[in-house]
Amino acid sequence: MTDQQLTDKTGAVVTVEHDDARGAYALAFENGEVAGRTFHIPTADDEWIFFHTEVDDEYSGRGLGGILVGQAMTDVARQGRTVVPLCPFVKGWLEKNGDDFAAAGGSVRAPRPGDLDTVRAAQKGA
């Protein structure tokens, strides 16, 4: 997804790719081991509701969550989609990096009560 090499705080090389089948962006190491994902549900309005981000506990403190969400938001902005941040991690990332995200063409919509219902319905159908 990016032309630059991504590394975590230990110097390990990581990649972030979109996993269409799981509706998530996945962060993996060079050996292919997936260390984390940020999940989303698309809406009819070309919005993506980001509802959960996870990084395996054994990798905590290495900055992987920030890399993962940062690369996901870069890709979403490039696609012209609107982010709906139900996930607290995504919301926090956007609060810290919102100006840069907007400058890159990203847009955000505040969550509405029905967004959680959309996520639950999509998960039941999966």
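This one's a predicted model, so the numbers in the text were calculated from it and none came from an experiment.
Rounded to the nearest 0.5 angstrom, F89 CZ and L68 CG are separated by 8.0 Å. Annotation: the span from H18 atom NE2 to Q79 atom CD amounts to 7.0 Å, rounded to 0.5 Å. Interatomic distance, CG of D99 versus NZ of K96, reported as 14.5 Å (0.5 Å rounding). Taken from NE2 in H40 to CG in L86, the straight-line distance is 13.5 Å, to the nearest 0.5 Å. Between E33 atom CD and E58 atom CD the span is 6.0 Å, to the nearest 0.5 Å. Taking CZ from R62 and CG from D56, the interatomic distance works out to 11.0 Å, rounded to the nearest 0.5 Å.
Side-chain atoms of D8 come within 3.5 Å of backbone atoms of G11 as a donor-acceptor pair (strictly under, hydrogens ignored). In this structure, T118 contributes its side chain and G114 its backbone to a donor-acceptor pair below 3.5 Å.
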Should V76 and F50 be marked as a side-chain contact (heavy atoms from CB on, under 4.5 Å) after you check the CA-CA gap, both sets of side-chain angles, and the distance that decides it? CA-CA 11 Å; V76 169; F50 280 82; 3.9 Å; yes
Going through the distances and angles, do F39 and Q123 end up as a side-chain contact (heavy atoms from CB on, under 4.5 Å)? CA-CA 11 Å; F39 295 90; Q123 289 179 318; over 6 Å; no
List the steps, then state whether side-chain contact (heavy atoms from CB on, under 4.5 Å) holds for V90 with T38. CA-CA 8 Å; V90 172; T38 187; 3.8 Å; yes
Where do I41 and F51 land on the side-chain contact (heavy atoms from CB on, under 4.5 Å) test, with the steps shown first? CA-CA 8 Å; I41 300 287; F51 63 93; 3.4 Å; yes
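Side chains of D19 and Y25: no donor on one and acceptor on the other come within 3.5 Å. Between the side chains of Q71 and D75, no donor-acceptor pair is found at a separation under 3.5 Å. When only modelled atom types and interatomic distance are considered, T82 and R109 share no side-chain donor-acceptor pair under 3.5 Å. Between T43 and D45, the side chains place no donor N or O within less than 3.5 Å of an acceptor N or O (distance only, hydrogens not considered).
L94 is connected to L64 through a chain of hydrophobic side-chain contacts under 4.5 Å among Ile, Leu, Val, Met, Phe, Trp and Tyr, so both are in one cluster. Connection of V84 to W48 is not established within any shared hydrophobic cluster, with ILVMFWY side chains joined at heavy-atom distances below 4.5 Å, either directly or through further cluster members.
The side-chain heavy atoms of M73 and N97, taken from C-beta on, include no pair separated by under 4.5 Å. Residues V83 and F101 have side chains in contact (heavy-atom distance under 4.5 Å, counting atoms from C-beta outward). Contact annotation: the side chain of V55 never approaches that of L27 to less than 4.5 Å [non-hydrogen atoms, C-beta and beyond]. The closest side-chain heavy-atom distance from L6 to T15 is not below 4.5 Å.
Taking all atoms of both residues into account, the shortest heavy-atom contact from G80 to D46 is O-OD2, 4.3 Å. The shortest heavy-atom contact between K9 and G61 is CD-O, 3.5 Å. The minimum heavy-atom distance linking A77 with A104 is given by the pair CB-O, 3.9 Å. When all heavy atoms of A35 and F29 are compared, the closest pair comes out as CB-CE1, 3.5 Å.
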